[in-house]
Protein chains: 2
Amino acid sequence: MPSSTILSTAELRRPVVAAAAVRRFAVGGYHGTTVADVANEAKISPAYVFKLFPGKDALFVAALESCFDQVLEALRAGADRADDNGPEAVLDAMGGAYADLIADRSLLLLQVHAQSAAGEPVIAEALRDGLARVVTFASERSGASGEQVQRFIAFGQLCHLIAITGLDETPEPWARLLAQGIRHP
Amino acid sequence: MPSSTILSTAELRRPVVAAAAVRRFAVGGYHGTTVADVANEAKISPAYVFKLFPGKDALFVAALESCFDQVLEALRAGADRADDNGPEAVLDAMGGAYADLIADRSLLLLQVHAQSAAGEPVIAEALRDGLARVVTFASERSGASGEQVQRFIAFGQLCHLIAITGLDETPEPWARLLAQGIRHP
DNA sequence: TTGTTGAGTGTTTGGTCACTCACCTAGCGA
DNA sequence: TCGCTAGGTGAGTGACCAAACACTCAACAA
């Protein structure tokens, strides 16, 4: 199947394959997704994925890095949109921007799968790196106290749990209790 | 291998196989663990696992139920040990008991893996059931407000994140910030 | 024209996994 | 002694997957 389109170089291909990996790994997780799945999503052959990335783990790490890039960008944009410059107002604006970002669930699911796959040392390291970027940026940009930032992250994790288990659509009292005040995940 | 020991009945075997499943699934997660792994851990043949449980998913669900049984029991015991009967003191005692329970990490890891495997509907349902038991019990036993219980669960999730990424042994400031005040996870 | 290199693919391979089935054995009632 | 039932297993089977291999094709330089 020859094509008349200009071929992209490997450097340009890598990020689009990483984006395809985000979507696919978000669905199946690390062990539940095959490299062929990602290749199909990116419309290239499985073999070429192994030329762009040395192995499956590196592919997942690239996806996770892309995920945290988008999270950081959302937090930055959200903070810029805050009308008040107080720590709480900035953190609140960040939380809202994050809630909007994960509306499609891919970035959220990938983070959950990454926690599950953290037995792989390179994945645990990528997870720590991303978390470090989020915590550091949230702290410095908002000027909030340690307790406030800690609470910000804790409720982010709760938000993940609510989305994964579908608690926002569970009418029982205990579920309403957990989801109360959490921005429409 | 003939044995001189008394054979247990299938009903008695099921919970010990479920306990073996907890340990094994905690290490490899749902997709990363084979039924043969669990069979080896339980010292029976893989074929017999399929006689005790209809499939791999049912085996994982049984493990998760066993996990939440232990969590509930720990919370109950912790609450009974509280010296003050105020909501905050009871929740605090429950948190301490939970921190002690997950010292070996198996029950913690299984919950994280369950979140990752919640794409499987039966696993998502088992996760919701367990969460419902925890939230309902914590609410009723402590008499705490919705906000207090919500915060209790949120910080439990943060505790999981800290343990998984090994933040308690990370000396950098952002990690110390996140782990501050969290009971030695 | 010829040689070389990098992009990209089809196919194979070696191995693993979920699940099945025929079979064996121990006990027990008649 | 003869079944009968229930616990338990060895030996597969078909499907799938990560990774490697063996190639084709386009572009370019001498």
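Since we're looking at a predicted model, the values are computed, not measured. Order of the sequence lines sets the chain letters (A, B, ...), proteins ahead of strands, with each chain counted from 1.
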Query raised in the report: Which whole-number value in Å describes the distance from A/R14 CZ to C/dG8 P?
Result: 11 Å
**Report entry** Distance, rounded to the nearest Å, where B/F53 contributes CZ and D/dG8 contributes P
**Finding:** 13 Å
Please list, one pair per line, the donor and acceptor atoms closer than 3.5 Å that link side chains of residues 154-166 of chain A to other protein atoms, with sequence neighbours excluded.
unit_1: A/H160; atom_1: NE2; unit_2: A/Y98; atom_2: OH; d: 2.7
unit_1: A/T165; atom_1: OG1; unit_2: A/L161; atom_2: O; d: 2.7

Query raised in the report: Of all of residues 23-46 of chain A, which get a heavy atom below 4.0 angstrom from DNA chain C, listed by number?
Result: A/I44, A/S45
Query raised in the report: In whole angstrom, what separates A/K56's NZ from D/dA18's C1'?
Result: 8 Å
**Report entry** Atom-pair distance (CZ on B/R13; P on D/dA6), nearest Å
**Finding:** 17 Å
Query raised in the report: Whole Å only: how far is the OH atom of B/Y48 from the P atom of D/dG8?
Result: 4 Å
Query raised in the report: B/F50 side chain: which of C/dT9, D/dT9, C/dT20 is closest?
Result: C/dT20
Report summary line: Hits for side chain to side chain donor-acceptor pair (under 3.5 Å) against A/R23, two or more places apart or cross-chain, chain-then-number order -> A/E41
Query raised in the report: CE of A/M94 to CZ of A/F137: how many Å apart, nearest 0.5 Å?
Result: 4.5 Å
Query raised in the report: Given atom CG of B/L12 and atom P of D/dG7, what is their separation to the nearest angstrom?
Result: 10 Å
Report summary line: The complete set of salt bridge (charged side-chain N to carboxylate O under 4.0 Å, His left out) pairs with one or both residues in residues 81-96 of chain B, sequence neighbours excluded, reads B/D92-B/R183
Query raised in the report: What is the distance from CZ of B/F60 to P of C/dA18, rounded to the nearest Å?
Result: 13 Å
List the atom pairs, donor and acceptor, that lie under 3.5 Å between side-chain atoms in residues 30-38 of chain A and the rest of the protein, sequence neighbours left out.
unit_1: A/T33; atom_1: OG1; unit_2: A/R24; atom_2: O; d: 3.4
unit_1: A/T33; atom_1: OG1; unit_2: A/G29; atom_2: O; d: 2.8
unit_1: A/T34; atom_1: OG1; unit_2: A/A36; atom_2: N; d: 3.3
unit_1: A/T34; atom_1: OG1; unit_2: A/D37; atom_2: N; d: 2.9
unit_1: A/T34; atom_1: OG1; unit_2: A/D37; atom_2: OD1; d: 3.4
unit_1: A/T34; atom_1: OG1; unit_2: A/D37; atom_2: OD2; d: 3.2
unit_1: A/D37; atom_1: OD2; unit_2: A/T34; atom_2: N; d: 3.2

Report summary line: Heavy atoms of A/H113 and A/A26 approach each other most closely as NE2-O, 3.1 Å
Report task. Can you sort out the partners of A/E169 under side chain to side chain donor-acceptor pair (under 3.5 Å), two or more places apart, ordered by chain and number? Result -> none
Query - All side chain to side chain donor-acceptor pair (under 3.5 Å) counterparts of B/N40, not counting sequence neighbours - result: none
When the side chains of residues 59-78 of chain A are checked against the rest of the protein, which donor-acceptor pairs come out under 3.5 Å, sequence neighbours left out?
unit_1: A/S66; atom_1: OG; unit_2: A/Q70; atom_2: NE2; d: 3.4
unit_1: A/D69; atom_1: OD1; unit_2: A/R133; atom_2: NH1; d: 3.2
unit_1: A/D69; atom_1: OD1; unit_2: A/R133; atom_2: NH2; d: 2.8
unit_1: A/Q70; atom_1: NE2; unit_2: A/S66; atom_2: O; d: 3.4

Using the 3.5 Å cut-off, write out each protein N or O paired with an N or O of nucleotides 21-24 of chain C and the distance between them.
none

